[in-house]
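Reviewing the structure listed below.
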Protein chains: 2
Amino acid sequence: MDSATAREQALDAAEKLFYGRGIQSVGMDDIRGASGVSLKRLYQLFPAKEQLVEAYLERRDVRWRGQLAAHVERQADPERRILTVFDWLEEWFGETDFRGCAWINSYGELGARSERVADQVRAHKRAFHDYLASLVAGAGLPETLTGQLFLLAEGAMVTAGITGSTRPAAQAREAVRSLLAAR
Amino acid sequence: MDSATAREQALDAAEKLFYGRGIQSVGMDDIRGASGVSLKRLYQLFPAKEQLVEAYLERRDVRWRGQLAAHVERQADPERRILTVFDWLEEWFGETDFRGCAWINSYGELGARSERVADQVRAHKRAFHDYLASLVAGAGLPETLTGQLFLLAEGAMVTAGITGSTRPAAQAREAVRSLLAAR
DNA sequence: ACGGTAGGAGAACGCTCGTTCTCAAGTCAA
DNA sequence: TTGACTTGAGAACGAGCGTTCTCCTACCGT
């Protein structure tokens, strides 16, 4: 097994376990067991657990935002695009292994102790916020809407994570519809 | 020192440390050091750490909702009351030791491992949701508004916690104003 | 004064887990 | 074939921490 695939397998296992059970309750030995990558190899690729955590969050960030953007881009109408964000959230919330927002959860777990993780969470949220801002600008809507959409999306993510329901997505989408109509 | 005050001091220390640094990174010995309550006494009062965590979350829940209600009740106008919720959030976000919502953070940390903690978080959020529902009903507004207010409040809490800014409260309040005006 | 109880300080125990080490097996160039 | 190198399996190490235990001191009723 070459380095690149070992790295991918390690990250696949890390993502599944960290996201599903929390970061602190998953040991490096669990990662080894789930990935088939030996401890020695793991520590060659990621000299400490924290770096594996960072790599996990970063890879997931790229994928998460990529999938959202791919879904939204299927819509041509600029105003529809905004609503489609919440359709995508609803699909995500419905996945069987959905357990809330990985970054919000990581922040709750490690935000107070690891400045690197806290920075990554802030960067991810800023990127999501900026993406919403681009959709708002693309629809010719006032900037002030961006923060409101963002809060509704964040509230939906955290609530869906805690309750296990997909309903917050629909509620947020209805709120967005009202906000759009009010203009 | 009698049992009741030892219990209060233990809970005071637990709340300060658990909320400020996260639950898992605070040891029972830290609680002893901060409270002045000996380990023996601590384990008489709370036979295991998990029960101290539960007592911390429960006491904070009662206080948090009590303070919110006390603040809101100073407003007579039913519609103003709804907006006042977000004024109170803004004050809370501005406290120097504010570090996000204790329940959202606890859920991120322990939700996957402790069913008791997860239940307490869900109960707290349900109680907050029901309180908002009572305000909405008191103002004669449609029920569907409740979930939207709730999502805005949750989004504001989580965003203020991550960014350290009070701004999400004002943004959420503006969104609520729009939603109220749209009726 | 004195025996008994409670409480405190902190050592001790046992487990988990991040990280490193050992050792044997496999690989490849010469 | 040989010898240097890499790798994997898993033991070992060391720290942190939840929990319990030991021992000593202080206080209480008689």
Side-chain angles (χ1 to χ4, degrees), chain A residues 1-57 105-106 108-117 120, chain B residues 1-57 105-106 108-117 120:
Chain A
M1 192 196 304
D2 72 346
S3 274
T5 61
R7 191 185 159 86
E8 284 308 297
Q9 285 190 260
L11 283 172
D12 287 346
E15 180 157 7
K16 188 173 167 189
L17 293 174
F18 286 159
Y19 179 68
R21 305 189 349 216
I23 292 168
Q24 310 212 56
S25 70
V26 172
M28 292 298 274
D29 207 58
D30 296 321
I31 307 269
R32 179 191 58 78
S35 67
V37 176
S38 74
L39 279 179
K40 187 174 234 170
R41 210 79 179 291
L42 274 180
Y43 276 92
Q44 280 172 1
L45 295 164
F46 308 97
K49 186 183 180 182
E50 186 170 15
Q51 306 188 37
L52 177 57
V53 172
E54 286 168 26
Y56 143 62
L57 287 175
N105 291 344
S106 300
E109 220 180 323
L110 300 173
R113 238 188 325 190
S114 164
E115 204 48 48
R116 317 270 308 248
V117 167
Q120 266 182 300
Chain B
M1 187 197 304
D2 71 347
S3 274
T5 62
R7 190 185 159 86
E8 283 309 295
Q9 285 190 260
L11 283 172
D12 288 346
E15 180 158 6
K16 188 173 167 189
L17 294 175
F18 286 158
Y19 178 67
R21 301 182 0 210
I23 292 168
Q24 311 213 56
S25 71
V26 172
M28 292 299 276
D29 206 58
D30 297 321
I31 307 270
R32 180 191 58 78
S35 67
V37 176
S38 72
L39 279 179
K40 190 177 233 172
R41 211 73 179 299
L42 274 180
Y43 276 93
Q44 280 171 3
L45 295 164
F46 308 97
K49 185 183 181 183
E50 187 171 13
Q51 306 188 36
L52 177 57
V53 172
E54 286 168 25
Y56 144 62
L57 287 175
N105 291 344
S106 300
E109 219 179 324
L110 300 173
R113 235 188 324 189
S114 164
E115 202 49 49
R116 315 271 307 248
V117 168
Q120 265 181 300

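In the text below, chain A, chain B and the rest are named by the order of the sequence lines, each starting its count at 1.
- Spacing between atom CG of A:Leu45 and atom P of D:dG8 amounts to 10 Å, rounded to whole angstrom units.
- The number of heavy-atom neighbours closer than 6.0 Å to CZ of B:Arg21, taken from other residues, nucleotides and ligands shown, is above 12.
- By the 4.5 Å heavy-atom criterion applied to side chains, B:Leu110 and B:Gln24 are counted as neighbours.
- Going from atom NZ of A:Lys49 over to atom CZ of A:Phe18 covers 5.0 Å, rounded to the nearest 0.5 Å.
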For this session: Encode nucleotides 13-23 of chain C as B, S and - characters from 5' to 3', where the letter depends on protein heavy atoms closer than 4.0 Å: B to the base, S only to sugar-phosphate, - to neither.
Result: -----SBB-B-
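- Spacing between atom CG of B:Asp2 and atom P of C:dA6 amounts to 16 Å, rounded to whole angstrom units.
- Judged by distance alone, the side chain of A:Glu109 and the main-chain N or O of A:Ile23 form a donor-acceptor pair under 3.5 Å.
- A:Glu8 pairs by the side chain to side chain donor-acceptor pair (under 3.5 Å) definition with A:Arg59, not counting sequence neighbours.
- Rounded to a whole Å, the CZ atom of A:Arg41 is 10 Å from the C1' atom of D:dG8.
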